[in-house]
K.L.:
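Starting off with a structure, shown below.
Fair warning: this is a prediction, and the values are worked out from it, not measured in the lab. For this chain, numbers begin at 1 and follow the sequence in order.
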Amino acid sequence: MRQKLGRHLNHILQSAKTVIVGPQILAFIPALTLGGYWYGGEGVLLFMAIIIPAMLGLVSFFTPVTPSHKAIGPVDPVTKLPLRATLITALDQAFCKEPETGLRTAAIALEIDDFSQYQDQFGAVAADAILLQIGERIKGALRQGDIAVRSEGGLFAIALAPAQRLDLESLIQISARLQAAIAKPLILDGLRIFLTASVGFCIPRRASEKSGLVCLDSAESALADAQTSGVGAIRAYSPQPRRKKVQRAGLVGEVAQALESGQIKPWFQPQLSTDTGEISGMEALARWEHPDRGVILPGAFLPGIAAAGLNERLSEIILFHSLTAMQKWAKAQLQVPQVGVNFSGEELSNPHLCEKIRWELDRFDLAPSQLAVEVLETVIAPSDNDMITRNIGRLAELGCGIDLDDFGTGHASIANIRRFSVRRIKIDRSFVINVDTDRQQQQMLTAILEMAERLGVETLAEGVETAGEHTLLAQLGCGHVQGYNIAKPMCFADTLDWMKTYRAKLAEQTKIRRKTG
């Protein structure tokens, strides 16, 4: 009881002290001074003008100053930023408070691209000056409450201040803002230097465990994925296991050179409408036109492309040549409604993909509907990568057709077909082979076509190799066909002659049917 009374009395004294010496007392000084002058004249006014400030100053001198925040621990000697342990602690504290506050945090890992080269080129002192300026820019680009730390070399990390809404879009925006801050010219001994940075981030619900260490490790894993895609990339952490790199003697360097020298380019395989027989599209398929070994199929060189971190560069080249082909076909009066380009899961994880495709379409003066984005069923079947979901949705909104490739091999659900706004499913060759002679194949294919019809989704059968397969697919109601029975993939120059010959043949068949009809 006595202790409780003592605590209560101490609380009253502390409150009184706050009132007496706190900043709010300043509000009463004019009134006190005016009252003194009113009752005591100029003498009292002079006395109060001297004594009151002196008393306040004396009280303040003996009153201990309470620090506004706790010390953040050891700092990096170069950038004066906290160290990695501080960030992990901040994330852990935010996770502990999340059930009460409902506020969420996230981790970002950022690294200056090719920083070791700047160290070698300019020396350690200049490299430290670069790090100091970059550290200041990172702090300037962040919000109040965000914590930036330096890890090692050109690697930095950020713990975002807990917020009500911290989703994929906001993290992409923050990452882009950090990149823009770093991209501004940096002055070093009068020399202008332009830097880029790769960024990886982790939304904690994606991590295997809700802890500061795991969240930061996941962000750094996403950063590593970004760095394999080229400089200045942004990647979100995905729990899917990272694909192992394939290293083959001499292959990585050779495919990189082949890519830039124009040896790797798209070949095109026609797609036909089973209703009209007209060309309904072309699919772009990567081929390596090797000067010594002839045409090399993608299965032999794509592992080398991936190992060299050139998947996105390959995609850019295939897209450029495909859209160029669309322009040239139109100028030759050879109407091709669309061209299909394959996009891997890695490419669909690029947050800037939609902007790049929109820019390319505008550049070639093509409508989005003239590009079919082909996505493997195995890419969307897991459906747990937010970036892929976002990009496919935005491409569909843009007006691009979404084609689900190799349908039937990846266990994609009906919900995913609707969720990703799939316009057309491409039925895998395994369901097409011998469909004209195998009753079970016919039943399986009929079930797929009925499902697609009820969902309002178009269908295309891949790998059609015989006239019998082609005929039965048309009878069963499959909308489009593609395969060797129609034409093998061919280089752009050969497509011109093939289309002219095919259209002349189609026109002749139409004329004969009219006469016999």
Side-chain angles (χ1 to χ4, degrees), residues 76-79 81 84 107-141 148-158 172 174-201 216-217 219-237 242-243 245 247 250-261 304-317 346-347 349-353 356:
D76 172 54
V78 176
T79 62
L81 293 175
R84 198 169 186 268
I108 297 176
L110 176 153
E111 187 165 20
I112 302 170
D113 293 320
D114 301 320
F115 180 69
S116 60
Q117 293 185 10
Y118 294 104
Q119 287 179 310
D120 297 339
Q121 183 177 355
F122 299 110
V125 175
D128 287 349
I130 291 174
L131 288 172
L132 179 60
Q133 292 190 53
I134 294 302
E136 291 297 326
R137 291 184 181 186
I138 289 174
K139 288 193 295 183
V149 305
R150 184 194 169 200
S151 185
E152 58 182 0
L155 178 62
F156 296 81
I158 297 109
I172 292 172
I174 294 169
S175 300
R177 188 165 69 240
L178 288 165
Q179 286 183 325
I182 291 171
K184 294 177 183 177
L186 186 147
I187 308 300
L188 187 65
D189 293 332
L191 182 67
R192 287 163 63 89
I193 299 174
F194 294 88
L195 302 177
T196 60
S198 298
V199 182
F201 61 80
L216 180 55
D217 285 346
E220 291 176 347
S221 175
L223 171 62
D225 283 340
Q227 290 169 328
T228 63
S229 303
V231 298
I234 301 174
R235 290 292 180 272
Y237 173 74
R242 295 174 60 191
R243 188 168 51 191
K245 293 184 179 180
Q247 300 289 350
L251 179 61
V252 173
E254 192 176 358
V255 295
Q257 185 178 2
L259 199 59
E260 295 307 322
S261 64
I305 293 285
L310 294 171
N311 274 338
E312 289 199 54
R313 179 58 181 152
L314 173 64
S315 177
E316 290 172 357
I317 290 172
E346 182 178 353
E347 292 150 1
S349 296
N350 182 355
H352 302 301
L353 177 65
K356 286 171 61 176

K.L.:
Give a yes or no answer on whether the side chain of S221 reaches the backbone of D217 with a donor-acceptor pair at less than 3.5 Å.
P.N.:
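Absent.
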
K.L.:
Mind checking what makes salt bridge (Lys or Arg N to Asp or Glu O under 4.0 Å) contact with E111, not counting sequence neighbours?
P.N.:
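Listed in chain order: nothing, the list is empty.
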
K.L.:
Hey, could you give me each pair passing side-chain hydrogen bond (donor to acceptor under 3.5 Å, both in side chains) that has a residue in residues 124-138? Not counting sequence neighbours.
P.N.:
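Matches after skipping sequence neighbours: E136-K139.
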
K.L.:
What's the separation between atom CG in L216 and atom OH in Y237, rounded to the nearest 0.5 Å?
P.N.:
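The distance works out to 12.5 Å.
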
K.L.:
For D76, what residues pass the side chain to side chain contact (heavy atoms under 4.5 Å, CB included) criterion, not counting sequence neighbours?
P.N.:
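By the side chain to side chain contact (heavy atoms under 4.5 Å, CB included) rule, D76 matches V78, T79, L83, R150.
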
K.L.:
Not counting sequence neighbours, which residues clear side chain to side chain donor-acceptor pair (under 3.5 Å) with E220? List them please.
P.N.:
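Partners of E220 under the side chain to side chain donor-acceptor pair (under 3.5 Å) test: R84.
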
K.L.:
With sequence neighbours excluded, what pairs up with E316 under the side chain to side chain donor-acceptor pair (under 3.5 Å) test?
P.N.:
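For E316, the residues satisfying side chain to side chain donor-acceptor pair (under 3.5 Å) (neighbours in sequence not counted) are R313, K356.
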
K.L.:
Who passes side chain to side chain contact (heavy atoms under 4.5 Å, CB included) against S175, sequence neighbours left out?
P.N.:
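Side chain to side chain contact (heavy atoms under 4.5 Å, CB included) list for S175, sorted by chain: I108, V199, F201, I234.
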
K.L.:
Can you tell me how far apart CD1 (I134) and CG (L186) are? Round to the nearest 0.5 Å.
P.N.:
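Between atom CD1 of I134 and atom CG of L186 there are 5.5 Å.
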
K.L.:
Under the rule for side chain to side chain donor-acceptor pair (under 3.5 Å), what residues qualify as partners of S116, not counting sequence neighbours?
P.N.:
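By the side chain to side chain donor-acceptor pair (under 3.5 Å) rule, S116 matches no residue at all.
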
K.L.:
Apply side chain to side chain contact (heavy atoms under 4.5 Å, CB included) to A126 and list each qualifying residue two or more places apart in sequence or on a separate chain.
P.N.:
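By the side chain to side chain contact (heavy atoms under 4.5 Å, CB included) rule, A126 matches F122, L188.
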
K.L.:
Once side chain to side chain contact (heavy atoms under 4.5 Å, CB included) is applied, do any residues pair with P77, and if so which ones, sequence neighbours excluded?
P.N.:
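Expected list: none.
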
K.L.:
Would you say E312's side chain and E347's backbone share a donor-acceptor pair under 3.5 angstrom?
P.N.:
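Judged by distance alone, no pair lies under 3.5 Å.
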
